[in-house]
Amino acid sequence: MNDSLLSALAGLAAPAPATLPGRVFTGWTSAPSRLGDVFVAVTAHGVQFVRPAGSADEFAAAYRDRFDRPLRRLDRLPAGVGPALRGRAGRPPLDLHALSDFERDVLAATARIPAGQTRPYGWVAREAGRPRAVRAVGTVLARNPVPLLVPCHRVVRADGAAGDYMFGPARKDALLRDEGANLDEVAALARGGVHYLASDTTGIVCFPTCRDARRITPAHRHGFPTVAAAVAAGYRPCRTCRPAA
DNA sequence: ATGGTGACGCGTT
DNA sequence: TAACGCGCCACCA
């Protein structure tokens, strides 16, 4: 994930003035993405929504009802949005001012998951500073206003299953495979009760999709069902993927 | 040992 | 306010 997205999310941590939502100009357009053509709503601050193609009429009606103003059709997206939607490195500005602090924290944590890697819902909850709000994280991600731009498809269930996805579980799986995620290996490990991998040369334990875990030489690789078990065996949690302590 | 069930938990509407 | 949800874990058969 690129730094500009992270800083954009961080910058939004401060609540916007209450008057802002009604004053911000909004337009929409359609754009090609990794999920096919999508509807994209944009304000002066950045992308506000990414939704399935065909959402325009419904969105425009809701917008008129709420703000008493027509929704303008745009002929182009802000710089960086198109490439980011198509899965290339981009610098998509985001407008998430309408979200709660919790929602922003959840999306910011999700944005830190590298392409091709996955993290459990519980990991996002902990990273967002609410370790027990696991189910609330699921609620937030189910309504992620900017899928793809904030990669909620990289958040999976703790038991190794993919979990649900707003565009369908099959799409979630396809997106992850397209990013090079080692889903088959992860599934095979999970079947054996292994959810973490450790290296006896570095003494570090990782999530199986962590780039560091994937470079562990087979002879030095050890599987564990929990981080606690790995720690008890003398390993410490990876600083990159931060598995639960 | 694997799969189903319920209590639990939390932020939001 | 009570009910809801992209979850999690202990417990059971």
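Quick note on labels: first sequence line is chain A, next is B, and so on, each numbered from 1.
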Separation of B:dC10 C1' from A:Glu103 CD (nearest whole Å): 13 Å

A:Arg86 CZ: over 12 foreign heavy atoms closer than 6.0 Å: yes

A:Arg132 vs B:dC10: side-chain N/O to OP1/OP2 distance below 4.0 Å: yes

Value in whole Å for how far the P atom of C:dG5 lies from OH of A:Tyr165: 20 Å

Centroid-centroid distance, A:Tyr235 to A:Tyr196, less than 6.0 Å: no

Stepwise side-chain contact (heavy atoms from CB on, under 4.5 Å) test for A:Ile113 and A:Trp123: CA-CA 10 Å; A:Ile113 308 172; A:Trp123 179 93; 3.8 Å; yes

Short side-chain N/O contact to B:dT12 OP1/OP2 from A:Ser100, under 4.0 Å: yes

Whole angstrom value for the distance that separates P of B:dT12 from CZ of A:Phe102: 7 Å

Nearest-Å distance for atom pair CZ/C1', residues A:Arg157 and C:dG5: 14 Å

Interatomic distance where CG belongs to A:Leu141 and P belongs to C:dC4 [whole Å]: 21 Å

Whole-Å gap separating P (C:dG7) and CG (A:Asp159): 10 Å

A:Lys172 and A:Asp164 ion-paired at < 4.0 Å: no

Touch class at under 4.0 angstrom, heavy-atom based, for A:Ala133 against every strand present: sugar-phosphate

Distance in angstrom units between A:Arg119 CZ and C:dG7 P, rounded: 19 Å

Distance below 4.0 Å between A:Arg143 side-chain N/O and B:dT13 OP1 or OP2: yes

Length of the line joining A:Arg130:CZ and C:dG5:C1', which is rounded to integer Å: 18 Å

